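Note sheet for the following structure.
Chain letters run A, B, ... following the sequence lines, proteins first, then strands; residues in each count from 1. All values below come from the heavy atoms of this structure, side chains included, with hydrogens, waters and symmetry mates left out. Quick caveat: nothing in here was measured; it's all calculated off a predicted structure.
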There are 2 protein chains.
Amino acid sequence: MNNPPRISEAESEVMKLLWQKEPLSANEIIEQLKQQMDWSDQTIKTFLNRLLKKEAIRFEKAGRNYLYYPLVSHDEYLKSENKTFLNRVYNGAVGLMCAKFLEEEKLSDADIEQLQQLLEKMKKDEPGV
Amino acid sequence: MNNPPRISEAESEVMKLLWQKEPLSANEIIEQLKQQMDWSDQTIKTFLNRLLKKEAIRFEKAGRNYLYYPLVSHDEYLKSENKTFLNRVYNGAVGLMCAKFLEEEKLSDADIEQLQQLLEKMKKDEPGV
DNA sequence: CACTTTCGTTTACGCGCGTAAACGTTAATT
DNA sequence: AATTAACGTTTACGCGCGTAAACGAAAGTG
């Protein structure tokens, strides 16, 4: 329930892999990111270590290698990033923020439908807050 | 049309003032932020200078004092922050992002109405994209 | 005019981050 | 067993940022 540690942009690329599949060995992570991000092995190792130090991930020994697991869940991360962003840029005005995004970004019809349903539900579920 | 310079969180507090009212003298800015943010005069002066160097603001001399004007518009700023955030945290998935925000944050009825109308309009305006 | 206050400019410093080299230890190979 | 390869740990370095002190010039005050 503590606030999750701050995860930097580069570090978040490591986390993204672990959120997709857990655990992963250092090598699996390095091979992926080496390509996707064009980082050197050493750079990626640094991120792993920093994430360990921050307690954003943990490892278990598997023979000579380590297997890494996320300690911070994707959901916690999103929640905390959302909050920070919303306050930093929009002073907490969610409505304004969503509106801004909607006018800037292209949404698929499916997205629109989904959001409409969400809004409809919110209207009903919370008549008086 | 160039990408706006990166404006840090602290610096953005200065910008927020200038977006509300322009121009402002150093003193007006300092007096405001000194209180709101509990910063020292010197700290705020640093931000003004960094923003000048980044060409996020400019000044005109008014006698012994400077009057500051934004060079980066609020809209440019929002656009660029939105984009960065969306890509960094959601890999560009707007629909997902909005949904996440909607489930986390409380929206006023007015906000909900407004978003619904926006969505409705998007549906009509862009039948085939 | 000398002194103090005001206001802008320059310099400083620790920390996180992006980036990676260097190092040490353990395991594999000859 | 000695050498090399693999893998994790430690150290490094420049840059932006939060934070502010120090400095210099100009203007107001006695």
### Query
Near DNA chain C, which residues from residues 13-32 of chain A have a heavy atom under 4.0 Å away?
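Residues of residues 13-32 of chain A that come under 4.0 Å of DNA chain C do not exist, since none gets that close.
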
### Query
Could you give all pairs that pass the side-chain hydrogen bond (donor to acceptor under 3.5 Å, both in side chains) test and reach residues 48-57 of chain B, with sequence neighbours left out?
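Every side-chain hydrogen bond (donor to acceptor under 3.5 Å, both in side chains) pair that includes a residue of residues 48-57 of chain B, provided the two are not neighbours, is E11(B)-K54(B).
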
Using residues 94-105 of chain A as the side-chain source, report each donor-acceptor pair under 3.5 Å to any protein atom, sequence neighbours left out, with the distance given to one decimal.
| unit_1 | atom_1 | unit_2 | atom_2 | d |
| --- | --- | --- | --- | --- |
| K100(A) | NZ | E103(A) | OE2 | 3.4 |
| K100(A) | NZ | D75(B) | OD1 | 2.8 |

### Task
Check which hydrophobic residues are tied to L71(B) through side-chain heavy-atom contacts below 4.5 Å, counting indirect links as well, and list them.
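Other cluster members: none.
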
Whole angstrom is fine here: how far is it from [atom1] in [X] over to [atom2] in [N]?
| X | N | atom1 | atom2 | value |
| --- | --- | --- | --- | --- |
| N49(A) | dA12(D) | CG | P | 16 Å |
| L48(A) | dT9(D) | CG | P | 10 Å |
| L33(A) | dG18(C) | CG | C1' | 14 Å |
| N65(A) | dT9(D) | CG | C1' | 15 Å |
| L67(B) | dG8(C) | CG | P | 10 Å |
| D38(B) | dT19(D) | CG | C1' | 12 Å |

#### Entry: Qualifying ring-ring contact (aromatic ring centres under 6.0 Å, His included) pairs with a residue from residues 27-51 of chain B, counting only residues at least two apart or across chains
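Only W39(B)-F47(B) qualify under ring-ring contact (aromatic ring centres under 6.0 Å, His included).
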
Give me, pair by pair, the N or O atoms of the protein and of nucleotides 14-17 of chain C that are less than 3.5 Å apart, along with how far apart they are.
| unit_1 | atom_1 | unit_2 | atom_2 | d |
| --- | --- | --- | --- | --- |
| dC17(C) | OP2 | K54(A) | NZ | 3.0 |

#### Entry: Earlier contact from the 5' end, DNA chain C, for I44(A) and K53(B)
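Its nearest nucleotide lies further toward 5', so the answer is K53(B).
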
Side-chain heavy-atom pair [X], [Y] within 4.5 angstrom cut-off:
| X | Y | result |
| --- | --- | --- |
| S12(A) | Y77(A) | yes |
| I30(A) | K45(A) | yes |
| I57(A) | Y68(A) | yes |

Partners meeting salt bridge (Lys or Arg N to Asp or Glu O under 4.0 Å) with [X] (sequence neighbours left out):
| X | result |
| --- | --- |
| K34(B) | D41(B) |
| K83(B) | none |
| E120(A) | none |

### Query
Do any side-chain nitrogens or oxygens of W39(A) fall under 4.0 Å of OP1 or OP2 in dA20(C)?
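Negative; the distance criterion is not met.
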
### Message
It should be established whether Y66(A) places a side-chain nitrogen or oxygen under 4.0 Å from OP1 or OP2 of nucleotide dA6(D).
### Response
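No, because none of the side-chain N or O atoms of Y66(A) sits under 4.0 Å from OP1 or OP2 of dA6(D).
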
### Task
Would you indicate what D41(B) reaches in the nucleic acid, counting non-hydrogen atoms under 4.0 angstrom: base, sugar-phosphate, or nothing?
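Result for D41(B) = nothing.
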
### Query
How does each nucleotide of nucleotides 21-30 of chain D score, in 5' to 3' order, for protein heavy atoms under 4.0 Å: base (B), sugar-phosphate only (S), or none (-)?
BB----S---

### Query
Do Y66(B) and N27(B) have a side chain donor and acceptor closer than 3.5 Å?
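Looking only at side-chain atoms, N27(B) and Y66(B) do not form any donor-acceptor pair under 3.5 Å.
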
### Message
Between the opening five pairs and the closing five pairs of the helix from dC1(C)-dG30(D) to dT30(C)-dA1(D), how far apart are the helix axes, to 10°?
### Response
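The angle separating the two end axes equals 30°.
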
### Message
Treating E31(A) as the side-chain partner and E28(A) as the backbone partner, does any N or O pair qualify as donor plus acceptor under 3.5 Å?
### Response
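Side chain of E31(A) to backbone of E28(A), a donor-acceptor pair under 3.5 Å: no, none is there.
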
Which donor-acceptor pairs under 3.5 Å do side chains of residues 14-23 of chain B form with protein atoms, sequence neighbours excluded?
| unit_1 | atom_1 | unit_2 | atom_2 | d |
| --- | --- | --- | --- | --- |
| K16(B) | NZ | R88(A) | O | 2.8 |
| K16(B) | NZ | E13(B) | OE2 | 3.3 |
| W19(B) | NE1 | V72(B) | O | 2.9 |

### Task
Give a yes or no on whether a salt bridge exists between E60(B) and R58(B), defined as a side-chain N under 4.0 angstrom from a carboxylate O.
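Yes.
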
